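Below you'll find the structure, written out as structure tokens, and then a few comments.
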Amino acid sequence: MVDFAIVGAGPAGMAAAVLAGELGLNTVLLDEQPAPGGQIYRAVERADAGSPLGDDYLAGGRLTDALRASAVAYRPETTVWHIEPDGTLWLADADGTERITARRVLLATGAIERPVPIPGWTMPGVMTVGAAQILLKTADTVPEGRAVLAGQGPLLYLAALQLARAGAPPVAILETTPHGNCHAALAHLGGWWAGRRMLAKGFGLMLGVRRAGIPIRRGVRGLRVLGRNRVEGVAWDGGEIAADHLFLHEGVIPNTQIGMALQLEHRWNEAQLCWRPVLDEWGRTSLPDIAIAGDGGGIFGAEAAAMSGRLAALDAATALGRTTAAERDRRAAPIRAALAREQALRPFLDALYRPGPSVLVPPGDDTIACRCEEVTVGRVRHAVRLGAPGPNQLKAFTRCGMGPCQGRICGPIVSAVIAAERRVPIAEVGAYRPRAPYKPITVGAIAGLPARAFAQDVAHTAGGA
Amino acid sequence: MFRPRPDSGRATVPVEVEGRAVRVPAGASAAAAVLIAGLGSIRDTAIGGGARAPYCMMGVCFDCLAEIDGEPNRQSCMVTVRSGMRIRRQRGARSVTAE
């Protein structure tokens with residue numbers, strides 16, 4: 001039994017682990033990747049000082065250094081494939097499968113890129129902007145040939161600049177920001193003074209992209225991929241461009257897979273157009289021993305993630321009797337102040353980079369919604385007309401969401417398409433209910449579990465069902 | 001399709017992609033090795049047989065499923081290359097073979 005199990009070694013998980021260790025909690029940090037950092041600081045320990053990824057990326061090294069220096073049990077290349085509400089975690093790694101129990105659990109599973117379902121998005125040569133960054137971070141590798149970046153958001157401009165610095169400037173940025181967004185965003189500029197540092201960074205980024213000479217086409221609508229067996233170009237309403245690579249990005253959304261499987265309370269967030277777990281000011285969820293920190297609770301960025309991780313660690317230490325509530329609150333006050341500054345500009349960014357309606361609901365019927373089971377948007381619409389009221393019923397009609405990714409990619413698309421077809425809010429339609437195993441594991445891995453532990457769990461699960 | 005950054009000083013690791021020897025930067029994933037090797041795709045889908053290549057590179061989409069050291073259905077973006085690793089395309093659904 002450990003005091004504190006943290007899932008995910010990104011900024012939130014690392015910061016939580018380091019502070020929890022300092023506070024005397026017996027802490028284990030579980031992560032699927034071979035090195036700490038999460039996606040934002042992926043492979044930062046390998047980076048050189050002059051890395052084209054830039055100073056904000058290299059700053060992540062402070063967190064990985066602190067983690068390495070701590071007494072935290074850091075377990076890389078470990079997949080958490082099931083969590084029970086009582087703090088039992090089922091793990092798989094190269095040595096097999098095991099289960100551990102924790103008195104408190106923190107989910108720090110971060111964000112995933114919002115799916116961008118356009119005609120042809122399953123074709124080889126189409127990847128996410130985040131994928132291009134991960135290739136640069138982990139393998140010091142860049143696309144060869146003509147790369148086009150399409151979509152919007154801070155990460156897209158950052159990636160464009162990083163690729164240019166790495167000697168592979170994109171041939172074009174196709175910006176999809178809807179025309180009304182800028183005007184709508186101005187109404188949210190109340191936080192500009194508190195968020196001035198972030199605002200300045202954003203302007204710096206735009207300026208950098210301009211100086212790098214990357215052509216930007218604005219107001220792009222109707223994106224589609226051209227090509228037969230792989231990307232040969234990208235078309236939009238009124239134009240097209242030859243390309244060898246297309247990298248898509250329409251912002252990031254919380255990775256809610258584990259929280260949804262645990263049936264934590266989630267709500268549709270209209271400002272960020274995503275599902276978010278319902279959290280209190282310490283990151284506590286609707287289950288008493290399970291908390292969430294970082295972008296998995298709502299998109300606020302890496303620095304805010306680390307701060308929310310520290311708040312969750314303080315709260316865990318209080319719940320486990322290592323610090324008093326008064327001491328927790330005293331230490332939390334400066335973190336909260338910094339967090340408020342970090343979040344001040346977010347409503348502006350959410351409004352400015354709000355995806356257009358076609359990102360959530362592809363207008364055509366032929367666009368693939370479920371990449372795994374190859375279910376088109378048209379088949380989703382047809383199933384709704386046949387009576388499928390929500391994503392979970394849709395599975396029985398179409399197998400949509402039942403492939404290996406377990407609905408991670410198509411989940412946001414099908415909820416939005418069903419809602420549009422039924423003319424009801426997405427909140428009313430709901431989301432897929434994911435189930436364990438969160439990642440596929442072999443029958444052999446389950447068979448290798450200690451028999452008694454497994455029998456107990458089966459009895460426990462059957463009793464609770 | 002992808003290449004190491006022009007002034008990358010990263011050490012390389014020898015792997016085999018579809019039987020062909022390729023050197024890829026240390027720290028790369030098996031999916032990255034496939035992209036560097038210039039393979040047009042990494043698998044044919046189990047449903048329609050269409051060609052797919054790695055998409056998200058972070059373990060979300062499962063489009064990079066491949067056979068690694070003889071084991072099919074591995075998320076190749078989640079596997080770091082090791083010297084001598086054998087990476088092969090995956091064709092359609094996995095079948096059961098009697099041994």
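Small disclaimer: the values here were computed from a predicted structure and weren't measured. Protein chains get the first letters and strands the later ones, always in sequence-line order, with residue 1 at the start of each.
- Of all the listed residues (A/A43, A/A147, A/P52, A/A132), the one sharing the greatest number of non-hydrogen pairs under 4.5 Å with chain B is A/P52.
- Ranked by heavy-atom pairs under 4.5 Å with chain B, the list A/Q406, A/E373, A/K439, A/Q133 is led by A/K439.
- Looking at B/I47, the atoms closer than 4.5 Å to chain A (heavy atoms on both sides) sit in the backbone and in the side chain alike.
- Both the backbone and the side chain of A/I112 come within less than 4.5 Å of a heavy atom in chain B.
- Between chain A and the options B/D63, B/V79, B/I42, the largest number of non-hydrogen pairs under 4.5 Å is found for B/D63.
- For A/R42, the part lying near chain B is the side chain, with the backbone staying farther off; criterion is any non-hydrogen pair under 4.5 Å.
- Applying the side chain to side chain donor-acceptor pair (under 3.5 Å) rule to A/R146 yields the partners A/D244; only residues at least two apart in sequence or on another chain are considered.
- Under the 6.0 Å cut-off for aromatic ring centres, A/H249 and A/F247 do not qualify, their centroids lying 6.0 Å or more apart.
- Every residue two or more places apart in sequence or in another chain was checked for a salt bridge (charged side-chain N to carboxylate O under 4.0 Å, His left out) with A/R408, and none qualifies.
- For the pair A/Y57 (side chain) and A/V44 (backbone), a donor-acceptor distance under 3.5 Å is present.
- Donor-acceptor pairing under 3.5 Å is lacking for the side chains of A/Q257 and A/T109.
- Residue A/T398 comes nearest to A/V375 through the heavy atom pair O-CG2, 3.5 Å, listed as atom of the first residue, atom of the second, then distance.
- Contact of the B/R88 side chain with the B/E18 side chain is registered, since non-hydrogen atoms from C-beta on lie closer than 4.5 Å.
- Comparing A/N229, A/V126, A/D48, A/T79 by how many heavy-atom pairs each has under 4.5 Å with chain B, the most go to A/V126.
- Put simply, of A/P404, A/G167, A/C410, the one with the most heavy-atom pairs under 4.5 Å next to chain B is A/P404.
- Of the listed residues (A/M123, A/R230, A/E374), the greatest number of heavy-atom pairs within a distance under 4.5 Å of chain B belongs to A/E374.
- Remark: side-chain polar atoms of A/T64 are not paired, donor with acceptor, to backbone N or O of A/G37 under 3.5 angstrom.
- Between the side chain of A/E113 and the backbone N or O of A/G130 there is at least one donor-acceptor pair closer than 3.5 Å.
- With chain A as partner, the option from B/S41, B/G9, B/P54 having the largest number of non-hydrogen pairs under 4.5 angstrom is B/P54.
- Using a 4.5 Å cut-off between heavy atoms, A/Q39 touches chain B through its side chain atoms alone.
- For B/A26, the parts lying near chain A are the backbone and the side chain together; criterion is any non-hydrogen pair under 4.5 Å.
- Although no hydrogens or angles enter the test, the distance criterion places a donor-acceptor pair under 3.5 Å between the side chain of A/K137 and the main chain of A/I40.
- Per-residue counts of heavy-atom pairs under 4.5 Å with chain B were compared for A/V129, A/D140, A/L248; the largest is that of A/D140.
- The choice from B/P25, B/G40, B/G27, B/P6 that makes the most heavy-atom pairs within less than 4.5 Å of chain A is B/G27.
- For A/P34, the part sitting under 4.5 Å from any heavy atom of chain B is the side chain, from C-beta outward, and nothing else.
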